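Lettering of chains follows the sequences in order, A, B, ..., and the numbering in each one begins at 1. As the structure is a prediction and not an experimental result, all values here were calculated from the model.
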Number of protein chains: 2
Amino acid sequence: MDQRIAEQTIGRLSLYRRLLDTLMRDCVEHVYSHQLAEKTGFTSAQVRRDLMAVDTAGNTRRGYDVGELIRAIDDYLYAPSGQQVAVVGIGNLGRALLTFFSGRRPKLSVVAGFDVDEQVVDRVIHGCRVYHMDEVDRVVAEDEITLVMLTVPSDAAQPAADACIAAGVSGILNFAPARLKVPPSVYVSHVDLTMYLEMVAFFARQKDGDQGD
Amino acid sequence: MDQRIAEQTIGRLSLYRRLLDTLMRDCVEHVYSHQLAEKTGFTSAQVRRDLMAVDTAGNTRRGYDVGELIRAIDDYLYAPSGQQVAVVGIGNLGRALLTFFSGRRPKLSVVAGFDVDEQVVDRVIHGCRVYHMDEVDRVVAEDEITLVMLTVPSDAAQPAADACIAAGVSGILNFAPARLKVPPSVYVSHVDLTMYLEMVAFFARQKDGDQGD
DNA sequence: ATTCAGTTGTGACGCTATTCACAGGATAAG
DNA sequence: CTTATCCTGTGAATAGCGTCACAACTGAAT
Ligand SMILES: NC(=O)c1ccc[n+]([C@@H]2O[C@H](COP(=O)([O-])OP(=O)(O)OC[C@H]3O[C@@H](n4cnc5c(N)ncnc54)[C@H](O)[C@@H]3O)[C@@H](O)[C@H]2O)c1
Ligand SMILES: NC(=O)c1ccc[n+]([C@@H]2O[C@H](COP(=O)([O-])OP(=O)(O)OC[C@H]3O[C@@H](n4cnc5c(N)ncnc54)[C@H](O)[C@@H]3O)[C@@H](O)[C@H]2O)c1
């Protein structure tokens, strides 16, 4: 948390981190930057540059110690005590996210859902209780929730975000096709699946036309 | 489809395009770059630069004609006859995507699902038939499917992608946490939701520490 | 002890995307 | 017709990222 860090480096560190889990499981003790590169699709220089951000030291002959690297990335990437996450809007997408992320990672776990529909409120999905939005203040405080994944209809996105922020949330992963206005102390990232699909459509078409590459 | 285009410009054009729909619905006839910028969160210079890619001409006094701009972006972004999409892996996430995207846009519509689980095969979800993966060759050809959203478990991602590519698909939006090896004529985009969540966690925490900004 | 092969860490470089800034142009008002 | 205003389109400047390339290092082999 010391100097300026490229946004995309954080994303890549997250990918390396998951890869290291599988290496650890396979009892691999050391790994070279070019091996991480190969498995993630980046270049080895990119990997080394990214790892400069974390407190680690590769051995010039054996590469990086897997356990040591895991510790270094964890230290850099995650809060020591972890961060709690809620899913707001338990519709089709919200339910999928809730199911997938609940109790997945110790450092980043989804612990609650919120909705306004009486049909889903108070249900328990994959171990997570769904609360009514009216309870957001209480539950966010009690469960120390700092992040939400926002999967409500786009009209409801801004008010729902406002309610979460008022309750103390400082990070939002927004899936609704709406730009959120938030105070500068809150970080918002926008995942626009329609946009991704249209990008794939365009570039796939372009490749078809170009006859590959 | 003429000269080199920045990948991200395509993404932004997709956002402008959707915004223009709402302007059209509100009977707005003209729009300035700074208005599009305001509503999308980019700068007006960025908007104008992006629109240089499409065949349009803004009026220096009234800005861009909404209808004209929609036509220009559509011409640039979409195949004249549209592109058909399938969802492969009708689990929690696949079902959400299938429901959301089926019959949404005329130029880009989800028309089929694929799975291997007898529980879901042959069911019809939101108007889309779910086929067995064994039928991928036939259905992709018959329905002229060129794109897939891949939402299978990560072990199954590569073989499922291979089957789709063999059937003629040229674009893949992959949600599984696995890097796909594909021939150069196929375009793959990787949406890693775990990574996005971890990025939000990091930067939200950083903001908290920095007291805003 | 020395050599050799193969790696890390990083300064310098280059590329691409974004922003700046302004010439040129359209319109409305006088 | 002329002026004032406020826009677009775009070359030029800047910033942000990724890549190159190599000095420094490590451990193994001899
Ligand atoms: N499902 C997808 O694949 C998909 C794809 C792209 C974008 N999105 C976006 O994600 C969002 C959710 O999509 P979905 O398909 O799950 O929709 P959905 O209609 O299935 O679910 C929305 C849920 O939000 C709840 N809700 C409504 N207002 C609320 C409020 N004020 N506070 C809390 N909860 C509220 C509803 O009760 C419902 O359960 C939408 O904005 C959609 O545009 C979804
Ligand atoms: N659900 C989420 O929110 C979420 C979030 C991040 C990533 N993902 C990724 O998306 C993928 C799907 O997630 P999910 O939660 O929907 O899982 P899921 O288990 O609910 O669904 C997977 C579906 O794929 C089908 N399938 C298995 N093998 C197949 C094959 N060879 N061909 C076709 N279909 C096959 C299964 O029958 C099942 O219906 C996973 O790779 C997961 O890691 C999901």
- Set of residues satisfying ring-ring contact (aromatic ring centres under 6.0 Å, His included) with respect to B:Y78, sequence neighbours excluded: none

- Query: So where does chain B start and stop touching DNA chain D, 5' to 3', when the test is distance under 4.0 Å to a non-hydrogen atom?
  - Reply: D:dT5 to D:dA12

- Selection: residues 29-44 of chain A, any non-hydrogen atom under 4.0 Å of DNA chain D: A:T43

- Using the heavy-atom set of chain B and a strict 4.0 Å cut-off, write down the first and last nucleotide of DNA chain C that makes it in, 5' to 3'. C:dA17 to C:dT27

- Could you tell me whether B:R105 and A:E198 have a side-chain N and a carboxylate O separated by less than 4.0 Å? yes

- Under the side chain to side chain donor-acceptor pair (under 3.5 Å) test, residues paired with A:Y64 that sit two or more places apart: none

- What residues form a side chain to side chain donor-acceptor pair (under 3.5 Å) with A:R49, not counting sequence neighbours? none

- Message: At a heavy-atom distance below 4.0 Å, what parts of residues 7-19 of chain B sit against DNA chain C?
- Response: B:Q8, B:R12

Please tabulate, for the side chains in residues 90-99 of chain A, all donor-acceptor contacts under 3.5 angstrom to protein atoms that are two or more places apart in sequence or on a different chain.
from: A:T99; atom 1: OG1; to: A:R95; atom 2: O; distance (Å): 2.8

- Item | Non-neighbouring partners of A:F101 that pass ring-ring contact (aromatic ring centres under 6.0 Å, His included), sequence neighbours left out | none

- Query: Who pairs with A:D75 by side chain to side chain donor-acceptor pair (under 3.5 Å), at least two apart in sequence or on another chain?
  - Reply: A:R71

- Query: Of the residues in residues 57-65 of chain A, which ones touch DNA chain C at a heavy-atom distance under 4.0 Å?
  - Reply: A:A57, A:G58, A:N59, A:T60, A:R61, A:G63, A:Y64

- With sequence neighbours excluded, what pairs up with B:T56 under the side chain to side chain donor-acceptor pair (under 3.5 Å) test? none

